Amino acid sequence: MIRRVRPSCARARFTSGWSGSGTVETCDAPGHLRVRTWEEGSEPTTIEAVLTPDGAGTRLVIEERGLPLAEYADHGAGWQAHAEDLEALVAGGEPGSWLDRWRELSSAYSALARGENDATP
């Protein structure tokens with residue numbers, strides 16, 4: 001859910017519970033969106049989403065830049081859980097518990113961040 005605050009800034013809330021502010025840096029509909037987001041008291045990050053045709057479907061690539069290295073695993077698990085929520089909604093279903101899924105994925109993402117190549121989320 002995005003609520004417009006002023007022309008250059010919006011407030012956002014994710015299913016994970018995160019909420020903060022953001023500005024749209026690039027919007028090339030329908031395939032590319034780049035948003036700079038921040039919570040009060042923290043450094044901003046840049047979230048970029050790119051949609052491309054992929055056979056009969058569409059590929060979504062989400063990249064978040066500007067994170068401290070210590071947060072990579074948590075955000076990786078979080079973005080996978082968000083993408084799975086989106087997949088469920090597009091298929092006409094309901095997303096599961098974001099927090100439960102994030103907990104299931106966190107250990108594998110932590111292992112990947114430590115360089116353990118056999119970890120699979």
Side-chain angles (χ1 to χ4, degrees):
M1 176 173 92
I2 296 181
R3 180 175 54 88
R4 198 90 164 135
V5 177
R6 60 180 188 266
S8 63
C9 185
R11 295 282 304 157
R13 183 171 41 93
F14 284 72
T15 55
S16 61
W18 182 92
S19 67
S21 298
T23 57
V24 174
E25 294 183 339
T26 303
C27 182
D28 297 322
H32 182 219
L33 177 67
R34 184 174 54 235
V35 180
R36 191 163 184 80
T37 62
W38 63 91
E39 291 178 284
E40 191 167 323
S42 68
E43 293 295 315
T45 65
T46 300
I47 300 169
E48 191 159 8
V50 177
L51 296 166
T52 55
D54 186 12
T58 302
R59 178 180 300 269
L60 168 62
V61 175
I62 301 168
E63 181 179 347
E64 185 173 12
R65 294 186 294 279
L67 291 171
L69 186 57
E71 295 181 19
Y72 276 29
D74 287 344
H75 282 250
W79 279 112
Q80 181 171 336
H82 285 306
E84 290 173 3
D85 284 351
L86 178 60
E87 181 181 35
L89 290 167
V90 167
E94 289 293 322
S97 167
W98 183 91
L99 184 58
D100 288 346
R101 184 62 177 141
W102 177 83
R103 286 179 178 143
E104 290 173 10
L105 295 165
S106 289
S107 61
Y109 274 92
S110 292
L112 285 171
R114 290 189 306 268
E116 298 171 14
N117 294 332
D118 61 340
T120 304

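Numbers for residues simply follow the sequence, beginning at 1. Treat the numbers as computed from the prediction; the structure is a model and nothing was measured.
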> Carefully, step by step, assess R59 and V61 under the rule side-chain contact (heavy atoms from CB on, under 4.5 Å).
CA-CA 7 Å; R59 178 180 300 269; V61 175; 4.1 Å; yes
> Is it true that L99 and Y109 fall in one hydrophobic cluster, defined by side-chain heavy atoms closer than 4.5 Å?
no
> With a 4.5 Å cut-off on side-chain heavy atoms, are T46 and E25 touching?
yes
> We want to know whether E39 and W18 form a side-chain donor-acceptor pair, criterion being a heavy-atom distance below 3.5 angstrom.
yes
> Are any of the side-chain heavy atoms of I47 and I62 separated by less than 4.5 Å?
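Yes. Closest side-chain heavy atoms under 4.5 Å.
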> Establish, from distance only, whether the side-chain atoms of T26 and R34 form a donor-acceptor pair under 3.5 Å.
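T26 vs R34: donor-acceptor pair found between side chains.
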> Heavy atoms only: give me the nearest L105-A81 pair and the separation to one decimal.
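Heavy atoms of L105 and A81 come nearest at CD1-N, 4.1 Å.
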> Considering all heavy atoms of both residues, which atom of A73 and which atom of A113 are nearest to each other, and what is their separation?
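Here A73 and A113 meet closest at CB-CB, 4.1 Å.
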> Show your reasoning for whether side-chain hydrogen bond (donor to acceptor under 3.5 Å, both in side chains) applies to E64 and W79.
CA-CA 9 Å; E64 185 173 12; W79 279 112; 2.7 Å; yes
> Answer whether the closest heavy-atom distance between the side chains of Y72 and L67 falls below 4.5 Å.
yes
> Indicate, with yes or no, if L89 and F14 share a hydrophobic cluster defined by side-chain heavy-atom contacts under 4.5 Å among Ile, Leu, Val, Met, Phe, Trp and Tyr.
no
> How far apart are the closest heavy atoms of A49 and L60, and which atoms are they?
CB-CD1, 4.1 Å
> What heavy-atom pair brings G22 and W38 nearest, and what distance separates the two atoms?
CA-CZ3, 3.8 Å
> Distance check, rounded to the nearest 0.5 Å: S21 atom OG versus R36 atom CZ?
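Rounded to the nearest 0.5 Å, the OG-CZ separation comes out at 13.0 Å.
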> Run through the side-chain heavy atoms of Ile, Leu, Val, Met, Phe, Trp and Tyr, join any pair under 4.5 Å, and report what else lands in V50's cluster.
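Taking Ile, Leu, Val, Met, Phe, Trp and Tyr as members, V50 stands alone, with no cluster partners.
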> If you compare all heavy atoms of V24 against all heavy atoms of C27, which two are closest, and at what distance to 0.1 Å?
CG1-CB, 3.9 Å
> side-chain contact (heavy atoms from CB on, under 4.5 Å) with P95: which of T15, D85, L86?
D85
> Taking atom NE2 of H75 and atom OG of S16, what is their separation to the nearest 0.5 Å?
9.0 Å
> Do you know which two heavy atoms are closest between S19 and R11, and how far apart they sit?
OG-NH2, 4.0 Å
